[in-house]
Amino acid sequence: MSADLRDALRAEWTKARTLASTGWLLLAAVVLTVAVSTAVAAAVTCAAGNCTEDPARISLTGVDLGQAVVAVLAVLMISSEYSTGMIRITLAAMPRRTTVLAAKAAILTALVLAAGTIAVLGCVLAGQIMLRGHGIDPAHGYPSLSLGATSVLRAAAGSVLYLALIALLSLGTATAVRDSATAIGVVLGLLYLFPIVGAVMGGSHLGRLVQQIGPMTAGLAIQATTGLGHLPISPWAGLGVLAAWSAAALLAGGLLLRRRDV
Amino acid sequence: MTAPALTSYRSAAPAGHDGFAQLLWAEWTKFRTVRGWIVGMMVAGLLTVGVGLLSHGECGSQASASAPVVTGGPACTSPLGPGGEAVTDGFYFVHRGMGSDGSITARVTSMTGSYSPDGVSTQDLKPGLQPWSKAGIIIKASASEGSAYAAMMVTGSHGVRMQWNFTGDAAGLGGAVSAASPRWLRLTRAGDTVTGYDSLDGTHWSVVGTVTLTGLPPTALAGLFAASPDYAVVTSRSAGGGSGSGGPSQATAAFDRVALRGARPAGAWTGTAVGGAPGGSYPVLGYRQSGGGLVVSGSGDISPVPPAGEGSVANTLVGAFAGLIAMVVVAAMFITAEYRRGLIRVTLAASPCRSRILAAKAIVVGSAAFVVALPAVVAATLIEEPLARSRGVFIDPVPVLTEVRVLAGTAALLAVAAVLALALGAVLRHSAVTVTAVIAVIVLPYFFAVPLALLPAGAADWLLRVTPAAGFAIQQPYPAYPQVTSAYTPGNGYYPLAPWAGFAVLCAWTALTLGLAMYLLRRRDA
């Protein structure tokens, strides 16, 4: 690791650590994720015991909301520097702009991976408790919701990775557009519009395509443990699509950061 | 010495510029001179049109995605009723000709049925009627599907009804029919006017309804009919299609004391399976003479097809979600940018009455959003609907007033959402958090209720009743027919609240937030 990157990492870690909002947003992401998962798991009922629910998908539903908080955190990581003018000091102190962005991405990924792991473990635990009460458990023929099962482990670990990739997508977008409100609007639009438009278009060819290329619709395929044949895209391929979105956003942000005046 | 007359000093400048009109003008100047915001509003309009253009697929493309027994789906070759709406017109019809003046009377002494619980199989039939199994007397323009009609009928569990031209429905006597408690039904025709009566004893008649069937030919068909809609278990998750299981069903009714007056030409009863033999055809459809009466067995339904998904005009409005997000961003920045740049201090110094500033900003941003959104949704509809029709998608027509409500209501929805973003921005004073919060309370409940499709229908309905997302009810183009069992879910364009009630919920949240914002703006230092 070059000295540059190490210094940049230390600087970004100091900034992230000493901002009150970082802690609050991470806490909000964990709490909201687990709360929504618990609520959805509590609401799902299966009267006849023959519904086609996916226990892992239900338990991890909170990620659908938690990602919005993660996106706010990631957007603010760079856009707050623009709104306060701090970016000028940052870039004066560390003229290698790509290194600055890489350091921000690394710190952000570490923070989101840590918070995401806590949130996902909380979701799985909540799912195990709530769903057992509704008869969605191995005793009724449903797949077990234990992390020992390969598919559940994939769904859980994949959700943590998903959150990290959403954070990187948001960071790249915010670097490119610089303004926090615009950046969060673009990110949330990218996330939530694809599933809504896809649902309206139904099972048509175009509707399926929308589901396959949307960062959220593709990325969350990683949470599926049953009915894999009916998914618009396979789990790891879906996460790959999201990774491509994140890489493209970071690339665009990085290039603009290098080319532009502050 | 006389004191010189003192005249107080008056400035030559025009008097006070502190009226509300001036404030409004000042806020409008701020809004229109920030290029990013104008670009943002234009982007909102373009997104509303552009995303809307994606909304209609190919004809019949949904057929594989949803259970055909539950959803109407986009009907490519659906027969149309007299009102131009897609209809189902399949039943067994035993008829004779009827002149322009006449009547038909019959007594129904029993009604029984069977259904296939597992789908297409007709081997494992279970006895039982569907709630809207129907049998009775009918006057119909012709035996072709979708022609005008009026009918008096007994139903599985909704008593005696009079129904006409597919969408009309009026209740008569209640209770189930049996040999001990038969029902008398009568229809009289005078020109285009048909009146339906029911009676318990054949002596004391009461009018159920009088309807005008425009264009009923001089010689129409009158007779007995039986129909029974598919047995369906809707286990819908509010998803676009809704899932379910079911199968065909059949109803058999026994009639006696059948009297037809004004018959022309006089002739024997003729049996016709209107709409062709239904799928999973029953071996027992048809009619037979029994004693002095007739026994008629039929399957199918005489009803409108509730438009859903691609067949709905509301589909084109999905672009409003994209426009909404862009407008929320602009509206939030309209206030948070003042805090970030410190302009709020100048604004408050120039106009110390703080609530009025927020009111002026709300009017400016709300009007701008409405003015941008209305042409956008109208353009999306004007461009996309003919395109979809040319691809063979049937889109149910809606009355002009309903269309105006749907389009203007969608524009108003975006305007109110913009005001909500402004108010929340004044409360939170932070743009990214404001934008996220507004999207979380408007778009996310819809997302959880419709595309996510994990919540049970009840929970999803509550999300669309109590959150600001209830406002999307203003987009509901078609009424839910109580006489047709279907998946009336938000994904299909049917909301749990009435259009204006849902919009009122959104307005109430906005008013509440605006009130809180005014209170906080007065109490807090800027």
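Hydrogens, waters and symmetry mates play no part in the numbers below; they use all other heavy atoms, side chains included. All values reported here derive from a predicted model rather than from experimental measurement.
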Checklist entry - Looking at residues at least two apart in the chain, or sitting in another chain, which of them share a salt bridge (Lys or Arg N to Asp or Glu O under 4.0 Å) with A:Arg57? => result A:Asp64
Item to check | Within residues 174-182 of chain A, residues adjacent to chain B where the heavy-atom gap is under 4.5 Å | outcome: A:Asp179, A:Ser180, A:Ala181, A:Thr182
Checklist entry - To the nearest 0.5 Å, what is the distance between CZ (B:Phe447) and CG (A:Leu188)? => result 11.5 Å
Item to check | Verdict with reasoning, A:Thr61 to B:Phe448, per side-chain contact (heavy atoms from CB on, under 4.5 Å) | outcome: CA-CA 9 Å; A:Thr61 309; B:Phe448 273 97; 3.6 Å; yes
Checklist entry - So what's closer than 4.5 Å to chain B heavy atoms on A:Val187: side chain, backbone, both or neither? => result neither
Item to check | Close contacts, residues 323-336 of chain B versus chain A, judged by heavy atoms under 4.5 Å | outcome: B:Ile325, B:Val329, B:Met333
Checklist entry - Contact part of A:Leu193 toward chain B, heavy-atom cut-off under 4.5 Å: side chain, backbone, both or neither? => result side chain
Next on the checklist: Is A:Leu220 close to chain B through its backbone or its side chain, or both, or neither, when contacts mean heavy atoms under 4.5 Å?
Outcome noted: neither
Item to check | Minimal non-hydrogen separation, B:Pro451 against A:Pro195, with atom names | outcome: CB-O, 3.5 Å
Checklist entry - What residue, out of A:Leu65, A:Leu25, A:Val36, has the most heavy-atom pairs lying under 4.5 Å from chain B? => result A:Leu65
Checklist entry - Is the CZ atom of A:Arg260 crowded by more than 12 outside heavy atoms at less than 6.0 Å? => result yes
Checklist entry - Which residue, B:Thr436, B:Thr434, B:Ile439, forms the side chain to side chain contact (heavy atoms under 4.5 Å, CB included) with A:Ile184? => result B:Thr436
Item to check | Inter-chain contacts: residues 71-83 of chain A against chain B, heavy atoms under 4.5 Å | outcome: A:Val72, A:Leu76, A:Ser83
